[in-house]
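Notes for the one structure printed next.
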Amino acid sequence: MTIWQFAPDTQPDSFWVSLRYFNIYRLLLALVFLAAVLIFGDSLNFGSHNLALFRYVAATYLLLAVTYQVLLEKMRRYFNFQLSLHVITDILASVLLMNASDGFRSGLGVMLLISLAAAALVSRGALMLFYAALASIAILLEQTYWILVLDHHITDYVQPGLLSIGYFATALITNQLAQRVIRQERVMQQRSIDLSNQLRINQLVIQDMQDAILVVDGNGLVRQHNPQLSALLGMQAPELDQIENYSPEIARLLAHWRSQRDNPAQTLMLPGSGKLVRARFVEAGTEGGSFSLVFLEDLSRLQEQAQQLKLAALGRLTANIAHEIRNPLSAISHASELLLEEQRGPTQERLLRIVADNCKRLDRMVRDVLELTRRDRVHPETIRLAAFLPSFIGEFTHNEHLPAAGVALELPGTGEVDFDRVHLQQVLWNLLRNAWRHSRQRDASVRVVVRRQANRVELHVIDDGEGVPTHLRQQLFEPFFTTFSGGTGLGLYVAREMCAANGAILEYVEPPAEGDGADFRVLCGGRPA
């Protein structure tokens, strides 16, 4: 293989940039030499031995530098070959300029140190030593000319010899330093690639996570978030904005956590979407803790998954209940009716009433459980509350034999909800029946209140009773839990399942104070009418 490669080679862009700057230096140096002899002649000792030769070499040197600059701009190929042409040109020009300027004494030989150092920065292997050897041979041949032709003393070889050693030392040291820098550059480039890949992977992971994520700096500016945040907030999340503009509740919890550094997980309700989320805070900064990560976990989704598991189990239970209970129950009910037709005493009548009442209770429980199997058969429609609620409340009070004034309706303005009409009727029927049972049963003891919250509609059923005791609130929506002796314990559970099937949320709202009554809220998708 030759000293340099004539085949097209690929070099880092930094090598070509260095070679271009190196040639700009060559161009300026040749321009200075030519201008010096054209203006001052040989008064600066340039061309003191042969002024015409100095002018000719300086002009040729300048012309070649311009040519090389054009080639570097037009053709980025054959790097080693172009570099070799540059260095050989420097060596020849420097030796000829030295010869025209009183030889080694002119000091122009030192200029080759710069050329060799620049070449060593971008050359590799034997090529760098080849340039140093050419420069040494050229400087020694030039001194030989002065000794043989002009009868200089042989001891004049000492300084050119030392300079030749300097050429090799400069080339070796510069090349070693350059190789070290190149290795560091390669390491940094690889680390940059790895970091870019890692950032890309992190971005994909964040985008695909089920939880919403916010990256918040020390000034409360949200630097990054994933698309899931918009779904939890119930609005389009802004970009690069203060966290207060995303959610004041999250901003308050984050500020409290940063000041106290305790309880990194908090549960809150986002008013825009009505979703219950768990906010978890993690410190992400390395110096002074300047960045924080906020993870928002959709608890309603987890509750939905848990409810689906319960629903699957209850579905299997439903088939057994329908098969094992309903047929014997019908036989018992029919037998009790036959016994009622016969002659009987007070004791028999009381026992038969007990049998009949419990048969009805069991039949109602079976119906409630069977309603769970109809959860997925949803036919949503747009319901205008201004027309639906008065008619429904009138029907409820009539069928339940309640005073019409016992249930009050508060409906400011108008609104619409997307809900299965039969499901909404059953949900409200269960809530109103429970509210009336636990109320003081006076005028307006039960209130149906409609409120709008962002893009959702709230339906509140509020009574004036004693409310739900604190120790029982966690069990309200559990199946078969009831505080009423004649209840099945499935009313609220079935109502909540129907709300979930329609994309709504049924929840108990904490009262301002103990004994202020009960408030059940249905959060459902809606819009102004």
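A quick note: this is a predicted structure, and the numbers were derived from the prediction, not measured.
A distance-only check finds no donor-acceptor pair linking the side chain of Asp463 to the backbone of Trp436 [under 3.5 Å]. Between the Thr174 side chain and the Ala171 main chain, no donor and acceptor come within less than 3.5 Å of each other. Panel note: side chain His438, backbone Gly517; no donor-acceptor pair is recorded below 3.5 Å. No donor-acceptor pair under 3.5 Å is formed between the side chain of Asn23 and the backbone N or O of Leu19. Between the Ser192 side chain and the Met188 main chain, no donor and acceptor come within less than 3.5 Å of each other. For Thr397 (side chain) and Leu402 (main-chain N/O), no donor-acceptor pair under 3.5 Å exists by modelled atom type. In terms of modelled atom types and a separation under 3.5 Å, the side chain of Asp519 and the main chain of Val509 share no donor-acceptor contact. With hydrogens and angles disregarded, a donor-acceptor distance shorter than 3.5 Å links the side chain of Gln82 to the backbone of Arg77. Of the possible donor and acceptor atoms, one in the side chain of Asn502 sits under 3.5 Å from a partner among the backbone N and O of Asp420. Remark: the backbone N or O of Leu523 is paired with a side-chain donor or acceptor of Arg456 at under 3.5 angstrom.
In this structure, CG in Asp418 is found 9.5 Å from CD in Glu381, a value given to the nearest 0.5 Å. The CZ atom of Arg437 sits 5.0 Å away from the CG atom of Asn434 when rounded to the nearest 0.5 Å. Interatomic distance, NE2 of His225 versus CG of Asp241, reported as 9.5 Å (0.5 Å rounding).
Closest approach of Ala408 to Ala444, counting heavy atoms only: CB-CB, 4.0 Å. Here the closest non-hydrogen pair linking Arg433 and Phe396 is N-CZ, 3.6 Å. Scanning all heavy atoms of the two residues, the minimum distance from Tyr246 to Val222 falls at CE1-CG2, 3.5 Å. Shown here for Pro390 and Leu385, the closest heavy-atom pair between the two residues is CD-O, 3.7 Å. The minimum heavy-atom distance linking Val427 with Met498 is given by the pair CG2-CB, 4.0 Å. Between Phe295 and Val282, the shortest heavy-atom contact is CE1-CG2, 3.9 Å.
The side-chain heavy atoms of Leu459 and Leu431, taken from C-beta on, include no pair separated by under 4.5 Å. The shortest side-chain heavy-atom distance between Phe392 and Trp429 falls under the 4.5 Å cut-off. Using a 4.5 Å heavy-atom cutoff, the side chains of Val294 and Trp257 are not in contact. The side-chain heavy atoms of Gln228 and Asp211, taken from C-beta on, include no pair separated by under 4.5 Å. Considering only heavy atoms from C-beta on, Leu221 comes within 4.5 Å of Gln242 through its side chain. In this structure, the side chains of Leu293 and Phe281 stay at 4.5 Å or more apart for every pair of heavy atoms.
With sequence neighbours excluded, the residues satisfying side-chain hydrogen bond (donor to acceptor under 3.5 Å, both in side chains) with Arg223 are Asp217.
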